[in-house]
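Below is one structure; the comments refer to it alone.
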Protein chains: 2
Amino acid sequence: MVEPLSDRRRQILEAIIEEYIATAQPIGSRTLTRFSAISLSPASVRNVMAELEEQGYLHSPHTSAGRVPTEKAYRYYIDSLLRVNCLDRARQDQIEQHYHRRGLQMGELLREASRTLSTVAHYTGLVMVPRLQSTVFRRIEFVKLSSRQVLTVFITQSGMIQNRLIETSEEFTAAELEQITNYLNQTMSGLSIREARALILAEMAQEKALYDRLLQRSFQLSEEALAEIADGEVIIEGTSHLLDQPEFNDLERMKRIFRAFEQKSLLLNLLDRGLKAKGVQVIIGSETEYPELAGCSLITANYSGRRGTLGALGVIGPSRMPYSTLIPIVDYTAGMISRMLDEETE
Amino acid sequence: MVEPLSDRRRQILEAIIEEYIATAQPIGSRTLTRFSAISLSPASVRNVMAELEEQGYLHSPHTSAGRVPTEKAYRYYIDSLLRVNCLDRARQDQIEQHYHRRGLQMGELLREASRTLSTVAHYTGLVMVPRLQSTVFRRIEFVKLSSRQVLTVFITQSGMIQNRLIETSEEFTAAELEQITNYLNQTMSGLSIREARALILAEMAQEKALYDRLLQRSFQLSEEALAEIADGEVIIEGTSHLLDQPEFNDLERMKRIFRAFEQKSLLLNLLDRGLKAKGVQVIIGSETEYPELAGCSLITANYSGRRGTLGALGVIGPSRMPYSTLIPIVDYTAGMISRMLDEETE
DNA sequence: ATTTGGCACTCCGCAGAGACGAGTGCCAAG
DNA sequence: CTTGGCACTCGTCTCTGCGGAGTGCCAAAT
């Protein structure tokens, strides 16, 4: 799919993409020779442009406008042309100083991350809250509130805390709850929530549980605690930055995007998709497979705690985005969050 | 300030406001005689309009456009002209069916409320999360996670649950924690968080605490638990509805509004302001005292749990909004949420 | 004393015409 | 292969004129 391009084509394509990213205007042969270091006549550039267009890297909005990079061009640019430099000190500091406040809860930390991303990058920041289902169980705790109400609190290895108020059908004594707590903490330690649930369901099915009344009830309780835990949240910050993009003049398109933001499941899927991969990922336009996000790109990276990948974060905006500056920002932020989560759970 | 208007002026003003709300177009004397039930010639209407303009109820964008209601007109309309009817069954059902799922946590319930508001009203929904500081303490619980880490959970009467992970400077034994828990639960029951904190600080200052080491430490611990609890959140849903308003053509203005949304403290203040009042409140444009929200109106109502007002919710949009339909929606939703919170904590 | 019709005037919005500029493709000469 | 030239295409901008909707005011009608 990605045929190698001759040196010259490569060079011109790169110049067009960068110029377009900077100006948001279609690039003509003339402007290109003026503003870039290409020492060719406009006519030659035109020839190359025509070829690049034929190959699907460029596209003219109409006959006498300049050329605009296609998704294919961006893809090629990112995969083959882009050399991501390190994040400069100034930006590093800018990011760091957002996290000076210590002892943030994980939720607050992630929200701060999204906000920082959006302000530093001047794009819209996304942070996916870790999926509880696949995080590792650390501790479960039951607190009796009234005769029929039990508060369950459980904590994951990565320091996430989740509460759930349960109305029980029968009363538990405080002593029973303590026994149950101890038992469950022993049994489920080290398992992921998903595994823990599977275990519980399996045990409940087994007949030995039928004879041990307390055991049976403890399984019931924990099953209720773990069922339907709130999951799959995405924190979006800085949507107003999108309004500053010249692309915003296309009202219909921007409406589509804002609607997509409200359907968080969509963004969640995209962030989810990169979870297995390592490093920074870029998803361009139709690669999202959501028509609502046509013309949009995402830059994402995973963050992790002590025990492996937890979630993903990134920025989203029009495909015409300054990848070379944003990629390091996303990368650095992901690293930063990972470090902070590490410290917290030590 | 609000001088009484003659019957005729009143009638014409009302017609103009309603027509303008429906069409977003400046209203001329001619169109008014055509579309409303006013049996006067355009010329007479013009005279009245001129008077209304002089009194500050109307405003012409330019010489030969129609008239547009001013904030003063909206204020008068809402205070004197508007007769809020009950919410029709159809809409009631539409709202109800969003809450069929039972056993929602408070947070989820409030988020759902914001979403429902926005979809039913076709405006942007706002819900203020109750201020913990002023809610009534119900229970505090400490869970020892590791030698130096204690998880504190506390629960308010209204069923809100708050966690905090505390790094302690010295180790607590499980038994000590239990003692502390019992002591605190006894002492602080029925107080608001604010009062509880005040009590703790006072006790810590008193010398008797100095001699009781456990007491001292328990105060320290609870003070840390209650300090800086996350507070003052606003849930905003359905911002994309704003994009459908014809006012959206004024890009600059819309940018201002979206930026205001990101500064949640601003909306929080507005919602906060109505907390003392009863029933539905309408805040129009400059009454917000935020220039960012010029041309915007809020409709808010308070919701409460068993023990008094908890928070506020509402919708926000351009001042030209169909108050007569939105007010009942906001009102009904607030009532609904109050009922559901009541049930939950029984 | 109000109401109304008439009239002159204002001003926005729209559509068409023309100039301009940026860009293109192609071709033939370097 | 590169380049300059040339004819052509289009979108944008500006100007212009026109129609419509609205206004204010005045004098006649009620």
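Below, read A as the first sequence line, B as the second, and so on, with proteins coming before strands; counting in each chain starts at 1. What you are looking at is a predicted structure, and each value in this text was computed from that prediction instead of being measured.
Out of dT24(C), dT4(C), dT23(D), the shortest distance to the side chain of Ser41(B) is found at dT4(C). Counting only heavy atoms from C-beta on, Ala50(A) has its side chain closest to dG25(C) among dG24(D), dG5(C), dG25(C).
Whole-Å rounding puts the Ile27(B) CD1 to dG22(D) P distance at 9 Å. The nearest whole Å value for the distance from the CD atom in Glu19(A) to the P atom in dA22(C) is 14 Å. Taking atom NE2 of His62(A) as the reference point, atom C1' of dC10(D) lies 6 Å away to the nearest angstrom. Rounded to a whole Å, the CZ atom of Arg8(B) is 16 Å from the P atom of dA1(C). The NE2 atom of His59(B) sits 16 Å away from the P atom of dG22(D) (whole-angstrom rounding). Taking atom CD of Gln25(A) as the reference point, atom P of dA22(C) lies 12 Å away to the nearest angstrom. Atom P of nucleotide dC1(D) and atom CD1 of Ile12(A) are separated by 15 Å, given to the nearest angstrom. Spacing between atom CZ of Arg46(A) and atom P of dT9(D) amounts to 16 Å, rounded to whole angstrom units.
A salt bridge links Glu287(A) with Arg75(A): at least one charged nitrogen is closer than 4.0 Å to a carboxylate oxygen. A salt bridge is absent between Arg259(A) and Glu292(A); no separation between the charged side-chain nitrogens and carboxylate oxygens falls under 4.0 Å.
Across the interface with DNA chain D, nearest-nucleotide mapping of Asn47(B) and Ala65(B) shows Ala65(B) to be the residue nearer the 5′ end. With the nearest nucleotide of DNA chain C identified for both Thr63(B) and Leu40(B), Leu40(B) has the one nearer the 5' end. Between Ser39(B) and Gly28(A), the residue anchored nearer the 5' end of DNA chain C, judged by the nucleotide with its closest heavy atom, is Ser39(B).
Taking only distance into account, the side chain of Arg30(B) never meets the base of dG22(D) through a donor-acceptor pair shorter than 3.5 Å. For a distance-only test at 3.5 Å, the side chain of Ser64(A) qualifies as a donor-acceptor partner of the base of dT9(D). Counting distance only, with no hydrogens placed and no angle test, the side-chain atoms of Arg67(A) and the base atoms of dG25(C) include no donor-acceptor pair under 3.5 Å.
Residue Thr31(B) is classed as a sugar-phosphate contact, given heavy-atom separations below 4.0 Å to backbone atoms only.
Listed pair Ser29(B) / dG22(D) fails the phosphate criterion, with no side-chain N or O lying under 4.0 Å from OP1 or OP2.
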Test ring-ring contact (aromatic ring centres under 6.0 Å, His included) on Phe258(B) and Phe258(A); report intermediate values, then the result.
CA-CA 11 Å; Phe258(B) 274 86; Phe258(A) 273 85; 5.3 Å; yes
Could you walk me through whether Glu247(B) and Arg253(B) satisfy the salt bridge (Lys or Arg N to Asp or Glu O under 4.0 Å) test, starting with their C-alpha distance in whole Å, then the side-chain angles of each, then the deciding distance to 0.1 Å, before giving a yes or no?
CA-CA 9 Å; Glu247(B) 278 87 349; Arg253(B) 183 169 146 207; 5.0 Å; no
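Glu262(B) and Ser240(A) form a side-chain donor-acceptor contact under 3.5 Å, judged by distance and modelled atom types alone.
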